Amino acid sequence: MKYIIYVLYFLTICTAASGDEAGLKTTDFYVRETPPTIKTTAAYGKLLNRSKSSLIISEISSPQAKTIEIHSTKVDEKGMVEMDEVTSLRIPPGKSVRFEPGGLHIMVMGLKNPLKAGEQLEVDITFSKGKPLKLMIPVRKL
Amino acid sequence: MKIRLLIIFFGLFVGVSASTFYFLMNHIDTPSIEHGRKLTSNKTIDVTGLESHTNLSLDNGFLQNKWTMLTFGFTSCPDICPTAMAAFRDELNLLSENQDRVQFVFVTVDPERDSKAKLKEYLGYFHKDIIGLTGSPERLARFAKLFGVYFEKQAQGESYTMNHSQQFFLIDPQGKLAAMYTPPLARGKIAVDMTRVIDRVTL
Ligand SMILES: [Cu+2]
């Protein structure tokens, strides 16, 4: 019994550490399931820079989609919505960025296959320096 | 001293009448709209010339005898539109007892890519009762203008996006604009307002 608890404890540490690469901590990442025939979707979550220097996202891609971009949804005072690409997102040391509905989001375009709840989307993020980050983002229903 | 008292009474009188007037304007005229902004427009919303994904006939009877919640969007919009359609689904489910007295409408601003077949698949994913409307770009632009909104293509090659209004519009059973809602709204707010307007009209 004690042995099992140790194994479980060890496993917990392992999974917790997997969201923690290159001085980065990722939390609550998910990507929206796609309605039939739709090849565009968005991923959300929080990225915390735990390193001592700024991190700038220089490239973002996925083997499951043609294009991935970081977008920012802006709503003006008249309720007009516009999405703009954010080409070099900088995360200062100790700070985090939050991707959330109606704001900053990871825009996924040209999906090769539809995304269903329970599946995962691989997203690879390259920074201007340091190790790249590979995220396995779970797909969630809306 | 007397003058000062008189000024105070006059001030009180103005204050009380103004707030009474305000209260009456908001509560007697539209007792039901609480979570949206009331709109007073005599313009009748004209849907003729548009097409629905279910091939409903779109004469001006389409908006009659029902309360309609309407929004604009496009199916390859990943952020704002799915949130809106998930809200439509949730409110429709909450309104199931009144389902024959309400309708929820999604108007595409991207007729180039959003065929009727695509609207059917997309909207059906959220709720089978959401009605998709499309039309020529010119007809859709004229339609949007009735709501004081517009849309435009944001060129990005083949994967262009559309800038559009995120507002939800409530249309009364005479086909006139009644209120405007700015999402995101907490779940149930629209269902509450729509239930109240339905009840009020029955009285
Ligand atoms: Cu986007």
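As the structure is a computational prediction, the values presented were derived from the model and not from experiment. Order of the sequence lines fixes the chain letters, A, B, ..., with proteins taken first and strands second; residue numbering starts at 1 for each chain.
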Leading residue by heavy atom contact count with chain A [cutoff under 4.5 Å; candidates B:Thr83, B:Thr182, B:Val149, B:Leu123]: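 Result: the option with the highest number of such pairs is B:Thr83.
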Residue selection (most heavy-atom pairs with chain A, distance under 4.5 Å) from B:Glu121, B:Met180, B:His164, B:Arg89: B:His164
Test side chain to side chain contact (heavy atoms under 4.5 Å, CB included) applied to B:Asp79 and A:His105, A:Glu100, A:His71, the passing residue: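 Of A:His105, A:Glu100, A:His71, side chain to side chain contact (heavy atoms under 4.5 Å, CB included) with B:Asp79 is met by A:His105 alone.
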So which heavy atom on [X] is nearest to which on [Y], and how close?
X	Y	result
B:Pro82	A:Leu142	O-CD2, 3.3 Å
B:Asn163	A:Met83	OD1-N, 4.2 Å
B:Pro78	A:Tyr44	O-OH, 4.0 Å
A:Gly79	B:Gln167	CA-NE2, 3.4 Å

For [X], which atoms come within 4.5 Å of any heavy atom of chain B: side chain, backbone, both, or neither?
X	value
A:Met107	side chain
A:Lys66	side chain
A:Val81	both

Reported CD-to-CD distance for the pair A:Glu85 and B:Gln154, which is rounded to 0.5 angstrom: 10.5 Å
B:Lys118 atom NZ: more than 12 heavy-atom contacts under 6.0 Å: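 Atom NZ in B:Lys118 is packed in, count exceeds 12.
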